[in-house]
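Following: one structure in structure tokens, then a few remarks.
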Amino acid sequence: MLRLLGRGFRDAMGGLLGRPPLLVPLAGEPATVAFLTTPDGLDGDRALNPGNQYPEWEQTIAARTPLWFGFYRPGRDAARVRCPLLVLVCDEDQTAFAEPGVRAARRAPRGELVRIPGGHYEPFLGRHEQVVDTELSFLRRHLLGPSPAVHRTTGGADSPPHRDGPA
């Protein structure tokens with residue numbers, strides 16, 4: 001962490017002098033200089049670039065970026081968020097801990113909390129379908145509102161299926 005912060009300060013100073021960013025790897029093994037060095041952070045390549053579909057994707061970040069993360073507190077103003085707020089946390093996340101997200105969802109007047117087992121990238125890996133279904137359900141409820149029930153007619157094979165409740 002100290003080596004990353006040192007590079008971050010050097011990069012920030014270089015930025016003030018008009019130099020290009022000093023880049024560090026997005027993820028790396030523990031004890032290396034990288035943005036994410038937690039065991040679950042190493043799943044990023046598998047989650048975000050499966051099968052190396054995007055070989056030209058440079059998985060780096062400006063070393064100065066982590067300097068601002070100490071000031072980034074998205075849950076701080078959760079009590080003032082008036083729109084529906086979906087907060088999804090991964091219970092074994094070692095990169096973005098679950099508890100701050102849990103507290104933010106509880107403070108938000110219209111917050112909805114969804115907890116899933118797994119690490120940081122689990123929403124893109126083993127639980128992807130579950131997470132997408134949860135997100136779509138949230139969006140349907142809050143953007144489309146309740147839909148009327150569609151009933152099967154006697155019209156034959158092309159008739160829509162029977163539904164009760166939100167589609």
Side-chain angles (χ1 to χ4, degrees), residues 1-13 15-16 21-28 30 32-50 57 59-149 163-167:
M1 178 59 93
L2 289 176
R3 293 183 299 169
L4 178 61
L5 288 175
R7 289 188 191 183
F9 287 123
R10 193 169 81 211
D11 183 34
M13 290 295 123
L16 292 173
L22 174 63
L23 302 176
V24 295
L26 181 59
T32 63
V33 178
F35 182 61
L36 300 176
T37 58
T38 58
D40 63 344
L42 294 173
D43 289 333
D45 193 43
R46 187 167 58 98
L48 303 176
N49 191 13
W57 178 29
Q59 297 183 41
T60 58
I61 188 170
R64 66 188 88 161
T65 304
L67 297 177
W68 304 110
F69 274 58
F71 301 103
Y72 181 65
R73 300 275 186 259
R76 178 181 52 215
D77 297 317
R80 296 193 329 228
V81 176
R82 299 291 174 227
C83 65
L85 177 66
L86 176 64
V87 179
L88 188 136
V89 298
C90 300
D91 285 324
E92 290 85 36
D93 196 329
Q94 298 170 344
T95 301
F97 299 122
E99 285 312 306
V102 170
R103 287 191 302 270
R106 289 180 180 151
R107 283 196 307 265
R110 298 176 65 193
E112 295 182 30
L113 174 65
V114 176
R115 298 181 85 132
I116 64 168
H120 188 69
Y121 289 106
E122 191 61 23
F124 302 98
L125 296 169
R127 304 268 178 187
H128 184 70
E129 294 301 320
Q130 174 190 351
V131 168
V132 169
D133 287 346
T134 298
E135 293 167 338
L136 289 173
S137 174
F138 175 85
L139 291 170
R140 282 186 194 110
R141 277 193 327 271
H142 296 289
L143 296 178
L144 301 177
S147 64
R163 288 192 207 154
D164 290 315

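Keep in mind that what you see is a predicted model, and the values were worked out from it rather than measured.
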For this session: Check side chain to side chain donor-acceptor pair (under 3.5 Å) between Thr65 and all other residues, then give those that pass, not counting sequence neighbours.
Result: none

Seminar exercise, completed: By side chain to side chain contact (heavy atoms under 4.5 Å, CB included), Ser137 pairs with (sequence neighbours left out) Arg141

For this session: Kindly state each residue pair satisfying salt bridge (charged side-chain N to carboxylate O under 4.0 Å, His left out) with at least one member in residues 119-137, sequence neighbours excluded.
Result: none

For this session: Kindly indicate whether the side chain of Gln59, heavy atoms from C-beta on, has any atom under 4.5 Å from the side chain of Pro25.
Result: no

For this session: Please list, chain by chain and in numerical order, all residues satisfying salt bridge (Lys or Arg N to Asp or Glu O under 4.0 Å) with Arg64, sequence neighbours excluded.
Result: Asp11

Exercise. Shortest non-hydrogen contact from Thr32 to Thr37?
Worked result: O-CG2, 3.4 Å

Seminar exercise, completed: dist Met13:CE -> Leu22:CG (nearest 0.5 Å) comes out at 13.5 Å

Exercise. Which heavy atom of Gly119 sits nearest a heavy atom of Pro123, and at what distance?
Worked result: O-CD, 4.2 Å

Exercise. Closest approach of Ala34 and Gly28, non-hydrogen atoms and distance?
Worked result: CB-N, 3.5 Å

Report all side-chain donor-acceptor pairs from residues 76-89 shorter than 3.5 Å, counting only partners two or more places apart or in another chain.
{"residue": "Arg82", "atom": "NH1", "partner": "Ala79", "partner atom": "O", "Å": "3.1"}

Seminar exercise, completed: Closest non-hydrogen contact found for Cys90 with Gly118 is CB-O, 3.3 Å

For this session: Report the residues that fulfil side chain to side chain donor-acceptor pair (under 3.5 Å) with Arg107, sequence neighbours left out, ordered by chain and then residue number.
Result: none

Problem set entry | Residues in ring pair (Phe, Tyr, Trp, His ring centres under 6.0 Å) contact with Phe138, at least two apart in sequence or another chain | His142

Exercise. Sequence neighbours excluded, which residues qualify as salt bridge (Lys or Arg N to Asp or Glu O under 4.0 Å) partners of Glu99?
Worked result: Arg115

Exercise. Testing Leu48, Leu42, Asp45 for side-chain contact (heavy atoms from CB on, under 4.5 Å) with Tyr121, which one passes?
Worked result: Leu48

Exercise. Taking only residues two or more places apart in sequence or in another chain, which ones pass side chain to side chain contact (heavy atoms under 4.5 Å, CB included) with Leu143?
Worked result: Leu139

Exercise. Should we count CG of Leu136 as having more than 12 external heavy atoms under 6.0 Å?
Worked result: yes

Exercise. With Asp40, which residues qualify under side chain to side chain donor-acceptor pair (under 3.5 Å), at least two apart?
Worked result: Thr38, Thr95

Problem set entry | Nearest heavy atoms of Gly41 and Ala27, plus distance in Å | O-CB, 3.6 Å

Problem set entry | Euclidean distance, Asp91 CG relative to Phe97 CZ, rounded to 0.5 Å | 13.0 Å

Problem set entry | salt bridge (Lys or Arg N to Asp or Glu O under 4.0 Å) involving Asp43 - partner list, sequence neighbours excluded | Arg46

